[in-house]
Amino acid sequence: MRAIGRGLGEFLSWVVIALMVALTAVVVIAVVYRKLGASLSWYDEVASILLAWITYYGAALAALNRSHIGFDDVLRLMPVGARKVAVVVAEILVIFFFALLAWAGWKVLMVLQGMSLISLTWVPVQLTQSVIPIGAALFIVAEILSLPDYWRDVMAGRSTEHAPMAHGATPDGDPGNGNLTNGGEGNRS
Amino acid sequence: MILLSIFLALVVMVCLNVPIAVALALSAVLGLFLTEGPSSLVTVALDMYDGANKFSLIAIPMFVLAGAIMNATGITRRLIAFVSALIGFVRGGLAMVSIGVSLFFAEISGSAVADVAAIGSILIPEMKKRGYGSPFAAAVTSSSASLAIIIPPSIPMILYAVSAGTSVEQMFVAGIVPGLLGAAGLMGVSYLFARRYNLPVEEAFQLSRLGSTFLEALPAFALPVIILGGIFGGLVTATEGAGLAVVAAMLVGLWYREVDWAQLKSAMLEGGMQTAVVMLLVAASVLMGGYLTRAQIPQEIASGILSLTSNKYLILLVLNVFFLIIGFFLHSAAAIILVVPIIVPLIAQAGIDPVHFGLVVTLNLAIGQQTPPVASVLITACSIAKANIWDVSKVNLPFIGVLLVVLLICTYVPAIPMFLVDTFYR
């Protein structure tokens, strides 16, 4: 399971990096073109789509690292028995939501058959919207793969949230706790 | 009745440590299911896609990325050397340096956690070596890093502007004076601490050293000039300015010959993931917002409160207390996304300027980053200093006091944040 988790993490990392590079390039090229007096018609639409893709592929990666913004202080105050029930209920709720999202996203894809983007008519909307069912399915897989480590942390009373420096950001380097990436804290604000 | 069950479901799920974005989306799903039936649930996919497909929020990944690249390219170190040459001769010099560098860093990165991680990991160990207590070192770094979110550019300000339908550029301008005021106040408190505990001065002031460190840091200073000058001068939009910030940070890194590709890769990854975490919240709030608006909830809240009082200063006081309380329990991004769309009609009907109110909210949430249990910036500083959160919080009280005073001043003397906005834009 660890190996699958690592593989998925590696794959999602490269997807997110590629999307970030693409978004940066699109924004910069668009500024240059606009300053030269020739605005790109597809800029707004494509940049927004890239952001949506970063959102869902990145969200699956964040789920793998358990770095979504949450509030775990109540959980840690519960007795261990109640904590077990709480974690199971919470995991079921998360998976239920993304299953619903994947189903609804699939339905929407069926409806969108044959439509294309406004500025780039050769790009089908089905392709851009595919991020919802695919992203939701990846989120579920990531949630399940990261459950064992999360379970151990919660039962040991370790906060999953209160250790922003645990991976990477210090000059001392990565303590190597099995996380696939550094900067696992998604709660910068 | 339905509204109450939605609210209860949200609170219970958050307490179970369901990610706030998912809890919010599920509560909206519950509301949709109860009022509009199961067939309405297909809209979940549409709203969650449209919520993430937001052109105005592209500035967020760009600013996060610019901050991360800066960190990977040795800019932070040079800024520290320059500020140290500038004000290191004062008693408690390193604390002053921490506040001063935060001011510069805040003008490039939009995130306070990025600030505290970058500056703290260099300055906190240094302060401990020079005999500063670790709680003090953590407290001063943490509270000055929170200035980052009231000084432009700022990710919470972008989120607010989009949630409230107001101008990002005007929000940025409104933050300048309060940010400087806050920095001055924090420096004052640090100086009193330094006198009391007889903290050391750094090297004596030397004009030649100031000059040489200034030249070293010059490319780093070009960053805020390009970014803020471009945005405020109307040459580029906030989003384009953010894109330029990424390129400028890369160029400065190349200039210093310190671009580390492995670090750059992790900067991209970190930026993408942080963006995803915030954007999932935004998408969930679009789902919830659509439901609440159809159910007329924000309008009802507005008319309910306005039937009690129409005094806008009283309303501002109530909202301030409310935001301070939720600041204890929510991250700033989550607080803005959850609350702002609901109270926008109230703000408009009470005659409060949305830009002024946005600054009040942002300052408030800067304080929220310092108040445990949920205090992302403070906790980051504590883990760098290896200090206990409650010990640090005790030392941090006077610094929080400074921020509270700035908050009160900005709330009740709107001219202080709004003067520059009026001059430039109105």
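Letters go in sequence order (proteins before strands), and every chain restarts at 1. For clarity, every value in this text was computed on a predicted model and none was experimentally measured.
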Pick from [options]: which one has the most heavy-atom pairs with chain A under 4.5 Å?
| options | answer |
| --- | --- |
| B/Leu16, B/Val42, B/Asn53, B/Val116 | B/Asn53 |
| B/Leu57, B/Thr239, B/Leu235, B/Val247 | B/Leu235 |
| B/Ile58, B/Val22, B/Val44, B/Val18 | B/Ile58 |
| B/Ala366, B/Gly272, B/Ala52 | B/Ala52 |

[X] versus chain A, the contacting section by heavy-atom distance below 4.5 Å:
| X | value |
| --- | --- |
| B/Leu365 | neither |
| B/Ser56 | neither |
| B/Met48 | both |
| B/Ala283 | side chain |
| B/Val14 | both |
| B/Val29 | side chain |

Can you tell me if NZ on A/Lys84 sees more than 12 non-hydrogen neighbours from other groups inside 6.0 Å?
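Open.
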
Decide if atom CH2 of A/Trp106 counts as having more than 12 heavy atoms of other residues, nucleotides or ligands within a radius under 6.0 Å.
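Counting neighbours around CH2 of A/Trp106, 12 or fewer heavy atoms of other residues, nucleotides or ligands fall under 6.0 Å, so no.
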
Using the rule given for side chain to side chain contact (heavy atoms under 4.5 Å, CB included), can you reason through A/Arg34 versus B/Glu240, listing the C-alpha separation, both sets of side-chain angles and the distance that settles it, and then say yes or no?
CA-CA 10 Å; A/Arg34 198 171 68 92; B/Glu240 293 171 344; 2.7 Å; yes

Under 4.5 Å between any side-chain heavy atoms of [X] and [Y], yes or no?
| X | Y | answer |
| --- | --- | --- |
| B/Thr275 | A/Leu51 | yes |
| B/Met273 | A/Asn65 | yes |
| B/Leu159 | B/Ile60 | yes |
| B/Val361 | B/Ile336 | yes |

Less than 4.5 Å to any heavy atom of chain B: does that hold for the side chain of [X], its backbone, both, or neither?
| X | answer |
| --- | --- |
| A/Tyr57 | neither |
| A/Val94 | both |
| A/Leu50 | neither |

Which residues in residues 113-122 of chain A have a heavy atom less than 4.5 Å from any heavy atom of chain B?
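None at all.
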
For chain B, which of [options] has the most heavy-atom pairs under 4.5 Å?
| options | result |
| --- | --- |
| A/Thr55, A/Val74, A/Val108 | A/Thr55 |
| A/Ala25, A/Gly58, A/Ala30, A/Ala52 | A/Ala52 |
| A/Ile49, A/Val87, A/Val131, A/Val111 | A/Ile49 |
| A/Leu19, A/Val89, A/Leu23 | A/Leu23 |

Donor-acceptor contact present, side-chain [X] to main-chain [Y], <3.5 Å:
| X | Y | value |
| --- | --- | --- |
| A/Trp53 | A/Thr128 | yes |
| A/His68 | A/Ala59 | yes |
| B/Ser154 | B/Ile150 | no |
| A/Glu143 | A/Ala63 | no |

Partners of A/Glu91 by salt bridge (Lys or Arg N to Asp or Glu O under 4.0 Å), sequence neighbours excluded?
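Salt bridge (Lys or Arg N to Asp or Glu O under 4.0 Å) check on A/Glu91 returns A/Arg66.
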
Please work out whether the ring planes of A/Tyr43 and B/Phe55 are parallel, tilted or perpendicular, with thresholds of 30° and 60°.
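Ring orientation, 0 to 90° scale: perpendicular.
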
Is it the case that B/Gln369 and B/Ser146 place a side-chain donor and acceptor less than 3.5 Å from each other?
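Yes, a side-chain donor-acceptor pair sits under 3.5 Å.
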
